[in-house]
Amino acid sequence: MTTVLAVLDTVVERFGPAALADPLALAAALRGLPDPLPEDQIGLLTAAVASGAPGRLRTELEAGAPVPAALAEAVALASGAGSGMPAEVARWAVTQLGCAGGLLPRHMADQEAVSSASPPPPGAGEPPARRTRGRAVPVLAAGAVVAVAAVAALTWTQLGTAADTGTDAAATPSPSAAPSTTAPALPAADPTPSTSQAPETATDPLEVFRAPELRRLAEIYVKSGGVQCRTAATPLGVQEAVACNFGDHGVVGIFYKYLGPETLSKARDGLIGGEVTAKNGTVRQLWWRFLNERAGTKYGIPMGVSARAEGLRVRFHSSATSTPTLYFDQESTLCSGLFTSPTADRTELREFWADPQR
């Protein structure tokens, strides 16, 4: 069954995040889809936008308010005097819009539908008893950098073990597999799959990727052999996240599709501005371009050379995870990838980034 969040994602992909802030544009976009939502849901979503609730949610989060408090403020605005919208219905609408706009963790859209205190409006989805409540995923504060989501090698080592034994240990990594909590200024995005629903897997790892731009960027790596991929929790400002284990290369990674250029800029700022800690003398920053776009092979543009760049590449040795790390992004598609390895050095990581099938 197509969820409300999936429909709103389609609107964002086609018309941009601004469509979620304009009630007339949102209504037109929703009604123009091949498989539109029920009219009552369209009315609730557009009424929530017209009330200014999504803007209030963003303002509160950017001011440092906790997610529950920020959401409560937005819901109060949407259900204020004269709106005629009950608080529980307003909460549903604001939550769906907040998740689609990258303001709230995506599992909340599903969790809201199963809350006994907030029954879904007519046509909003399956009955509560048929859904499962997900665990709470750490939320990146609004405006926080989403650059280096520390992809813990132990998590994916555990995944490989689970595949051999038939257990589901990979879905619940041990505490030692969690991202380091010692990295200052940068809350690490969770590289493990979101458990608001069963992690999406596929025989062909490329099938896990939903955004075509992200699939194209990741394709050369996913086809490199011995690869497992799963959907991952989406930090603030991220539309899609997929974590992969490139077993034949001893590399793990995570791919992001951002909701807008602002989030991509913040990712870069975290790397360049020092919010992500790196060992002294290890940072190497270059613009990159395709060597062969069809094959996906890449190279860093040497300093002083004038050439059209696809995006930024940054290599460094992380102080937080004690592993070499490589970040790269592509401006035209608002996508990025991050690789790390407990066994490879920075040169080997660069070679994997350039052409994993060499």
Side-chain angles (χ1 to χ4, degrees), residues 3-9 11-12 17-27 29-30 37-128 131-144 194 196-197 233-239 259-260:
T3 64
V4 173
L5 182 56
V7 172
L8 291 173
D9 284 344
V11 170
V12 172
L20 299 180
D22 184 330
L24 295 178
L26 178 60
L30 289 172
L37 293 173
E39 191 61 32
D40 57 352
Q41 290 189 21
I42 294 176
L44 292 172
L45 292 167
T46 54
V49 172
S51 73
R56 175 68 61 84
L57 177 63
R58 179 182 296 275
T59 299
E60 293 293 323
L61 289 171
E62 289 179 345
V67 168
L71 182 57
E73 287 286 333
V75 169
L77 182 60
S79 60
S83 72
M85 186 184 299
E88 65 272 16
V89 176
R91 181 182 177 90
W92 173 85
V94 173
T95 300
Q96 302 300 320
L97 292 163
C99 292
L103 300 173
L104 299 173
R106 291 176 67 84
H107 77 281
M108 287 184 66
D110 185 64
Q111 187 176 25
E112 182 59 29
V114 303
S115 171
S116 59
S118 303
E126 300 176 33
R131 295 183 180 266
T132 56
R133 188 185 301 271
R135 66 176 172 85
V137 177
V139 179
L140 291 182
S194 170
S196 58
Q197 56 185 359
T234 50
L236 186 69
V238 173
Q239 174 185 327
L259 283 167

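Since the structure is predicted, the reported quantities are computational estimates derived from the model, not experimental observations. All values below were derived from every heavy atom in this structure, side-chain atoms included, with hydrogens, water molecules and symmetry-related copies excluded.
- The closest side-chain heavy-atom distance from Met108 to Leu71 is below 4.5 Å.
- Note that CZ of Arg58 and CG of Leu97 are 12.0 Å apart. Values are rounded to the nearest 0.5 Å.
- Here the closest heavy-atom approach between residue Ala87 and residue Val75 is recorded as O-CG1, 3.6 Å.
- Side-chain atoms of Gln96 come within 3.5 Å of backbone N or O of Ala109 as a donor-acceptor pair.
- Met85 CE to Ser51 OG: the interatomic distance, rounded to the nearest 0.5 Å, is 6.5 Å.
- Here the closest non-hydrogen pair linking Val94 and Ala78 is CG2-CB, 4.1 Å.
- Between Pro54 and Ala48 the shortest heavy-atom distance is CD-O, 3.4 Å.
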CA sep, side-chain torsions, deciding dist, call: Arg106, Asp9, side-chain contact (heavy atoms from CB on, under 4.5 Å): CA-CA 11 Å; Arg106 291 176 67 84; Asp9 284 344; 2.4 Å; yes

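- In this structure, the side chains of Gln41 and Trp92 come closer than 4.5 Å at one or more pairs of heavy atoms.
- Every salt bridge (Lys or Arg N to Asp or Glu O under 4.0 Å) that Glu73 has, sequence neighbours left out, goes to Arg56.
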Verdict with supporting geometry, Leu26 and Val11, side-chain contact (heavy atoms from CB on, under 4.5 Å): CA-CA 8 Å; Leu26 178 60; Val11 170; 4.2 Å; yes

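- For Ala25, the side-chain contact (heavy atoms from CB on, under 4.5 Å) criterion is met by Asp22, not counting sequence neighbours.
- Within the 4.5 Å cutoff, the side chain of Leu104 has heavy atoms near those of the Leu57 side chain.
- Heavy-atom minimum distance, Leu37 versus Ile42: O-CD1, 3.6 Å.
- Residues Thr95 and Cys99 meet the side-chain proximity criterion, which asks for heavy atoms closer than 4.5 Å.
- Side-chain contact between Leu45 and Leu20: absent, with no pair of heavy atoms (C-beta onward) separated by less than 4.5 Å.
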